[in-house]
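What follows is one structure encoded as structure tokens, with my remarks underneath.
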2 protein chains.
Amino acid sequence: MTGRPYHHGDLRAVLLAGAERTLAERGPGALSLRELAREAGVSHAAPSRHFRDKTALLDALALSGFERLTERLDAAASESGDTRGGLLAMGRVYVAFALGNAALLDLMYARKHAPDSPGELTAAVGRLLETVLGMIAEGQRAGEVAAGDPESIAFTVASTLHGFAVLNSTTPPEEIDRSLPHIIDVLATGLVPR
Amino acid sequence: MTGRPYHHGDLRAVLLAGAERTLAERGPGALSLRELAREAGVSHAAPSRHFRDKTALLDALALSGFERLTERLDAAASESGDTRGGLLAMGRVYVAFALGNAALLDLMYARKHAPDSPGELTAAVGRLLETVLGMIAEGQRAGEVAAGDPESIAFTVASTLHGFAVLNSTTPPEEIDRSLPHIIDVLATGLVPR
DNA sequence: ACCTGAACACCGTTCAAGT
DNA sequence: ACCTGAACACCGTTCAAGT
């Protein structure tokens, strides 16, 4: 069953994995379908069977990025006790993702913003936002989050998490570990004096 | 004095303007030095006199983006009365920039995150953050912003502004006009019940 | 100082043909 | 169904040479 003589069998996944590696190690400018094909041991025309064109591969990469990020956020949310702990855990997850996959995170949103962006990407971002919304709604039920439109609150939190992660995707982890709790505290207590 | 026969005189600026136009209209994948040179009416080798390579042009583009965004944030901050009005104005400016220059904004942060990113980009982001910091410090002096480390508070605000703008760079303006004040309110009063 | 023209080593995409 | 090989029209970059 091993040693496929002609059919690769798993080319799509191999191309995606190779693309993610190149993206992380050498940046988006170094991504080449022909090189990915070479590394996979197939002809340069083979990838077209799995991805209509280069942007289709990028979109698939972006989609898998959103799915993994949302998965980890979900896990962080369900593993933590109160709302503050949940926010902290989600912040850590988001920042860790940004640190470990800076180029991928940039690509994820760049592709989402592209005029020919597929609906799957918008839907994937929607699922990410729903994860945050779930945690806020739960916090309101527990009396740990103030009353008010949960969508607005969740969107504020998601914005802060995303912005903080992007603005820190090049910051040393120890420094982030120190600053993240402060950011969560500001978000929790608000700007206006109490 | 007109009708330069050989020297272009303004090639660098023309290339940058063309690049920004292509970026906005056809996305980053359509950016080609050779095409920019063609549009500028020079040979395909001419751009190399002004930009060492393609990433140098992208970096220059990113830098000018950060400078313009910071300029507009500065203006918004100084034109508004209290802290809440300032935050709202800055939020509007940031979102307007994201809506009008989505691909450029993506490029700005992508280049900032690149391993070979020039220090000018980091410095430009620093100036952007300082603009937010200035407004927070002023708010604290006026008693409109709670006491606490101004850096942390400013970073929280900057994160929220950036995140909100990026998450909405594809949202219709009317919807943003409705939702932005709610986001500022959540940021102002905090998540925890008062 | 600034630009040209040719050359080189790459691309992405398409399409007949092979297994 | 999946892949190859050749072909086409592009790239970015370099470098002698021109003005």
| query | Pairs counted as Watson-Crick or G-U wobble with both distances under 3.5 Å: what dot-bracket string results for DNA chain C, using | for bases tied to another strand? | reply | ||.|||||...|||||.||

| note | With B for base contact, S for sugar-phosphate-only contact and - for none (protein heavy atoms under 4.0 Å), nucleotides 10-15 of chain D reads -SBBBB

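When the shell of 6.0 Å around CD of B/E138 is examined, it contains 12 or fewer heavy atoms from other residues, nucleotides or ligands.
Just one residue in the list B/L58, B/D106, B/N101, B/L107 forms a side-chain contact (heavy atoms from CB on, under 4.5 Å) with B/L23, and that residue is B/L107.
Remark: B/E71 does not engage B/R127 in a salt bridge, criterion side-chain N to carboxylate O under 4.0 Å. Ion pairing between A/R178 and A/E174 fails under the 4.0 Å rule for side-chain N and carboxylate O. A/R111 and A/E120 are not joined by a salt bridge, as no carboxylate oxygen comes within less than 4.0 angstrom of a charged side-chain nitrogen.
Contact between the side-chain N/O atoms of B/H50 and the OP1/OP2 oxygens of C/dC3 is found at a separation under 4.0 Å.
Centroid-to-centroid, the aromatic rings of B/F97 and B/F66 stay 6.0 Å apart or farther.
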| query | Where do A/Y109 and B/S169 land on the side chain to side chain contact (heavy atoms under 4.5 Å, CB included) test, with the steps shown first? | reply | CA-CA 10 Å; A/Y109 283 93; B/S169 69; over 6 Å; no

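Side-chain heavy atoms closer than 4.5 Å link hydrophobic residues (I, L, V, M, F, W, Y) into clusters, and following such links, even through other members, never connects A/I184 to A/V192.
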